[in-house]
Number of protein chains: 2
Amino acid sequence: MNLKSLAEALGLSQTTVSRALNGYPEVSEATRKRVEEAAVRFGYRPNSRAKGLATGRAMLIGQVIPTSTQHEMVNPVFGDFVAGASQNLAQHGYDMLLTRVPGDDEGKVYREFRARGAVDGVIIQAPDVKDDRIALLNRIGLPFIVHGRSTGVTEPYSWVDVNNTQAFRRATEFLLQLGHRRIALINGLERMDFAFRRRKGYIQALENAGLSADPQLMCTDEMTEQFGYMKTRRMLAFEDPPTAFLCASMISAVGIRRALQEAQLVMGRDVSVIIHDDDLSYLRNGEEIPIFTATRSSVRHAGEVLADALMQLISDPDHPPINQLLEAQLVVGSSTGPAPLKAARLPS
Amino acid sequence: MNLKSLAEALGLSQTTVSRALNGYPEVSEATRKRVEEAAVRFGYRPNSRAKGLATGRAMLIGQVIPTSTQHEMVNPVFGDFVAGASQNLAQHGYDMLLTRVPGDDEGKVYREFRARGAVDGVIIQAPDVKDDRIALLNRIGLPFIVHGRSTGVTEPYSWVDVNNTQAFRRATEFLLQLGHRRIALINGLERMDFAFRRRKGYIQALENAGLSADPQLMCTDEMTEQFGYMKTRRMLAFEDPPTAFLCASMISAVGIRRALQEAQLVMGRDVSVIIHDDDLSYLRNGEEIPIFTATRSSVRHAGEVLADALMQLISDPDHPPINQLLEAQLVVGSSTGPAPLKAARLPS
DNA sequence: TGGGCCTCCCAAAGCGCTTTAAATTTTCTC
DNA sequence: GAGAAAATTTAAAGCGCTTTGGGAGGCCCA
């Protein structure tokens, strides 16, 4: 059933039927009723592509599946983020278009999006420090918003980000207050902006306390369970091991826990751990009492906020860039406690 | 730059330019060269919607974001599956269209897809036992393929599935061979087909060994860490506790491990654990020596296989249903060992 | 009674592409 | 070198929708 046959069945012109269904005022209420009823009865729905061609809008938001180039690892945050974002996109009639990057030229995808008119806007995930996608998108004039920020990019752009620096500064301060002096940082890849900022916050807190960061206690890699496990084992064997770990990911923290328990150490007593918790729906940090003390910020909520902002940007092309900084909560769980008098140490 | 201006710039008709770019034979090689060069030079790319309208194809595959209705939990497998599927879809020029379900009527989404011509095909995730989406899609005639199967659905349909029954039968047999007699099953939601089949395999193995399944040792819920933890604690406090756990998910198994270590029990010595491992990129089961003995089957690979099958179904509307059963590997890690002479037990 | 002004509806153009049917040019064949 | 056949190219229709620019009545007022 298309517009033409619906119009014929009603004995009306396509114009009138189209207007009736799209809420234009030049149609009498009686006619509109009649049209709407018929549309439901015949199960008429306007063809997406025809409508898009006529209106010039795709009603789609593009997104590249965020896989690390190194191990083709899919960002574990992706599912929840997408769930949040598309929920709010859907409220505006938008769907999400997902694509893989052939080779490693993500810029090519965006140029294609633009040239083909395939999407009306784009979401950028996991920006690096000095991410060049931002300049590209500004240049080609495709509406976009970044989930995260990019240190070093000076031109204006829209973003929704968690205050990572602040979160990790607070978390570090919290550990310092508990008497910890040797605090390890198990960080994500520091070419990524969020990890860069977290380290910054960590170092700031240490320096404010008159301490300097020990390079041996800072490590950075993809946030796997294995990574947390290996680094914890190694650091616990140091002459002067850390008494606390600050960890950028719930998943790596599971590895930390494994290493600690293997070493017969009790988390929160022998060694303290604070994590950043994206509040992933499939990996919740405990219901009432969190397992881990954490800086918490729901990535799903970030998706919702970001989607709303993008909808604004698209509906008003002259809208100035939207910047929204979300603060992380510091929730106290059972993985932290006062620094032990004598640091636990593993034989190397 | 659109087709018209490109044709004008070349002094050719739109027809010829279109044909040249789409590889039709009625164009001289010289002309084709000239057209292709100009297309690159001007950065011409055909408009997606216009092309779609003319050809009647959307070049999009629809998918509903798989969230459990209960806790809005996003299937943790989603990211990796999508990465696999869209990689192979992309090879055929297809992208993925993601949408949320407004309310709880997923069928409505598929009818919309069909009526609007928004997508050329659909991927169904996480089918239930007797899933009614299959009948609906067959009825409305939208090409689709199921990731998983649906016990109780008799009409033909296309699917790609892991041999869950076999995997869990083998895993159970393996534990039986190690001397375990009290084997717990920490299963996913058993209204879902994969969980239903896994239980079936588990029970078959027990019965083949002349044992009957103890309802107390079987539990089913959403596969969270918390779930694994709680159930393990509870079961270890039984009069006659299990000496082995069979767990449907890596994530719940992390909870099992937490409970065991809290109880000072050594996995693989005091208690054995086998998991199903979807080989998620962000939650790998160890590099050389797997942490967990597991029935392993890459969900990303399943996505690739499924995408190829769907491409076939779409290119040939008369293609008979494609059914592909993937076997899971049984990989032995360090979480299993001979049954202890005396079962470890927690004070209740 | 006629003109002006609403209200409601319609014909047709246009969005940017593919494809059918036909026209033109080139190449053979004898 | 004429005529047929083959190779190229083109004009125009069509995909299904929105939207522009009118147009037909009906109503009101002078």
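As a whole-Å value, the separation of B:Arg34 CZ from D:dT9 P is 9 Å. Rounded to whole Å, the distance from NZ on A:Lys4 to C1' on C:dC10 is 15 Å. Taking atom CG of B:Leu10 as the reference point, atom P of D:dT8 lies 17 Å away to the nearest angstrom. The interatomic distance linking B:Leu21 (CG) with C:dG16 (C1') rounds to 14 Å, in whole Å. For the pair A:Met1 CE and D:dG16 C1', the computed distance is 14 Å after rounding to whole Å. In this entry the distance linking CZ of A:Arg57 with C1' of D:dC17 reads 13 Å, nearest Å. Nucleotide D:dG16 holds its P atom 21 Å from the CE atom of A:Met59, rounded to whole Å. If you take CD of B:Glu26 and P of D:dA7, they are 11 Å apart, rounded to a whole angstrom.
A salt bridge links B:Arg100 to B:Glu72: one of the charged nitrogens lies within less than 4.0 Å of a carboxylate oxygen. Taking a cutoff of 4.0 Å between a charged side-chain nitrogen and a carboxylate oxygen, A:Arg57 and A:Asp120 do not qualify as a salt bridge.
A:Ser28 comes within 4.0 angstrom of the backbone, heavy atoms only, and of no base. Residue B:Thr55 is classed as a sugar-phosphate contact, given heavy-atom separations below 4.0 Å to backbone atoms only.
A donor-acceptor pair is defined here as one N or O able to donate and one able to accept, closer than 3.5 Å; such a pair exists between the side chain of A:Asp193 and the backbone of A:Thr151.
Here B:Thr31 reaches the OP1 or OP2 of D:dT9: one of its side-chain N or O atoms lies under 4.0 Å away. For the OP1/OP2 pair of C:dT19 and a distance below 4.0 Å, the side-chain nitrogens and oxygens of B:Tyr24 include at least one atom meeting the criterion. Phosphate contact (OP1/OP2 of D:dT10, side-chain N/O of B:Thr16, threshold under 4.0 Å): present. Contact check, A:Ser18 against D:dT18: a side-chain N or O comes under 4.0 Å of OP1 or OP2. Taking 4.0 angstrom as the limit, A:Asn47 places none of its side-chain polar atoms (N or O) nearer than this to OP1 or OP2 of D:dC15. When the side-chain nitrogen and oxygen atoms of A:Asn22 are compared with OP1 and OP2 of D:dT18, one or more of them lie within a distance under 4.0 Å. Distances shorter than 4.0 Å separate none of the side-chain N or O atoms of A:Lys51 from OP1 or OP2 on D:dG16.
Of the two residues contacting DNA chain D, namely A:Thr15 and B:Leu53, the nearest-nucleotide position lying further toward the 5' end is that of B:Leu53. Nearest-nucleotide mapping onto DNA chain C: of A:Gln14 and A:Glu29, the residue sitting toward the 5' end is A:Glu29.
The structure places CZ of B:Phe42 at 7.0 Å from CG of B:Leu10, a figure rounded to the nearest 0.5 Å. Annotation: the span from B:Ile145 atom CD1 to B:Ile134 atom CD1 amounts to 11.5 Å, rounded to 0.5 Å.
Between the base of D:dT10 and the side chain of B:Arg19 there is a donor-acceptor pair shorter than 3.5 Å.
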**Report entry** side-chain contact (heavy atoms from CB on, under 4.5 Å) evaluation trace for B:Phe81 with A:Val74
**Finding:** CA-CA 10 Å; B:Phe81 175 81; A:Val74 180; over 6 Å; no
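Here D:dC17 is the nucleotide among D:dC17, C:dG16, C:dA11 with the atom lying nearest to any side-chain atom of A:Ala50.
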